[in-house]
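Notes for the one structure printed next.
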Amino acid sequence: MKLYNLKDHNEQVSFAQAIVQGLGRNQGLFFPHELPEFELTDIDELLKQDFVTRSARILGAFIGDEIPQPILEQRVRAAFAFPAPVAKVTDDVSCLELFHGPTLAFKDFGGRFMAQMLAQISGDKPVTILTATSGDTGAAVAHAFYGLKNVRVVILYPHGKISPLQEKLFCTLGGNIETVAIDGDFDACQALVKQAFDDEELKQKLGLNSANSINISRLLAQICYYFEAVAQLPQQARNQLVVSVPSGNFGDLTAGLLAKSLGLPVKRFIAATNVNDTVPRYLASGEWTPKATQATLSNAMDVSQPNNWPRVEELFRRKIWRLSDLGFAAVDDETTQATMKELKALGYVSEPHAAVAYRALRDQLQPGEYGLFLGTAHPAKFKESVEAILGEPLELPAALAERADLPLLSHHLAADYTALRQLMMSKA
Ligand SMILES: *Cc1c(COP(=O)(O)O)cnc(C)c1O
């Protein structure tokens, strides 16, 4: 597999290099040189296969001979060890539930596949994973790498801006997992990570590697569950399918669009955000004008400078698609709450991120179309707000209950690169 740097097309890397480097020169994102496409008959055949077999074929179409297919399939089997079921909500709308993995969020798919790929590629060389999280990436990365030999993981998150249970899930592990609460918002954490990747000495010394949604392996993994969704939907939904994606950094949407570019029958996508609406405003006006990030109920989407957006634009450019065909909506907290109640009345208990996507979908779905929205996290991950909004207690799934009473092991730092650097070098 060959990839190029979106900021400098002369920088070309292999799949292995893209995984290890994360970002290219000038913090440019890597993008696939070839965009494989399946024939219609291949798509039909793929949709009949089981999740792991099919996913290994999809990933193999991108990765090529860099990883032998049988090994890739083993790795996929280890990573995707839990299902992605489609739950029917109304006659014309279903939810793709991506929260049945160990950290109860879709980021388990990307995090675990990335860990498998990194293990495959690095062999015995020590690496340090440095990543910023607005909540769920951190947990997924921590659990995906927990206990892996030769891997140290450092995770930054905005202090006080993620849910207490979310924090418990990944800040209580210890071992090779170090967590750092930063005084600042997610964008500040992301900026610190970027600074670290610009620090050549640190990078060399620690074998630095990023594991947030910029890593190409995470994106490729996420393509697979869009196929899994279509495989489960009724046949007649296939060409009338509208998919609504709750978006923060826009990795999930990028993966969905890559699935479409492979030939998956999706009529259109909707980019759904909360009031951190840089992209919806851009799609409406053509102007890219990020504002200060605001805290919302759907906090994993509190991102005003979405780092995967250049990939979305590149894909539209390469496929000669029109950005005007991409649906969009920004949903405020009040509407999110009302939507969660509406879903509950339909018999479906959901959480704020999925509710944002459902709202956009419900408002834009046309007669004859079939709608799918992504359930990106288990409602219990946002227990406090879900219980307050729906007025009923939620049971904690075992993965959360086990960690709820453990002490937090996080460091606490100002949003200051020097302090972070010191912490990271201290054990090197
Ligand atoms: C990360 C996350 C999102 C946003 O996904 P992106 O790929 O960053 O757009 C949505 N919902 C939940 C629960 C998340 O954790």
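Counting convention: from 1, in listed order, for ligands and their atoms alike. Not measured: the values here are computed from a predicted model.
Under the 4.0 angstrom criterion for non-hydrogen atoms, A105 is not in contact with ligand 1. Look at F99 and you'll find every heavy atom at least 4.0 Å from all atoms of ligand 1.
The shortest distance between side-chain heavy atoms of W321 and L315 falls below 4.5 Å.
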task: Let me see the working for T336 and T296 under side-chain contact (heavy atoms from CB on, under 4.5 Å), right down to the final yes or no.
output: CA-CA 10 Å; T336 302; T296 73; over 6 Å; no

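The shortest N or O to N or O distance between D252 and ligand 1 is below 3.5 Å. Checking only distances, F106 never comes within under 3.5 Å of ligand 1, N or O to N or O. The shortest N/O to N/O separation between H353 and ligand 1 does not fall below 3.5 Å. At least one N or O atom of T376 sits closer than 3.5 Å to an N or O atom of ligand 1. The shortest N or O to N or O distance between A300 and ligand 1 is not under 3.5 Å.
Between the side chains of R75 and Q116, at least one donor N or O lies within less than 3.5 Å of an accepting N or O.
Shown here are the ring-ring contact (aromatic ring centres under 6.0 Å, His included) partners of H412, two or more places apart in sequence or in another chain: H159. Checked against salt bridge (Lys or Arg N to Asp or Glu O under 4.0 Å), D50 has no partners two or more places apart in sequence or in another chain.
By the criterion of a heavy-atom distance under 4.0 Å, the side chain of K107, and not its backbone, is placed next to ligand 1. Contact annotation: for M301 versus ligand 1, heavy atoms closer than 4.0 Å belong to the side chain alone.
No more than 12 heavy atoms of other residues, nucleotides or ligands lie within 6.0 Å of CD in E395, so this atom counts as exposed by the packing criterion.
A distance of 7.0 Å separates CG of L23 from NZ of K194, quoted to the nearest 0.5 Å.
The backbone N or O of A330 sits nowhere less than 3.5 Å from a side-chain atom of D277 that would complete a donor-acceptor pair.
Of all atoms in ligand 1, numbered sequentially from 1 with element shown, those under 4.0 Å from a heavy atom of G251 are 6 (P), 7 (O), 9 (O). Residue A377 approaches ligand 1 through these ligand atoms, each under 4.0 Å from one of its heavy atoms: 13 (C).
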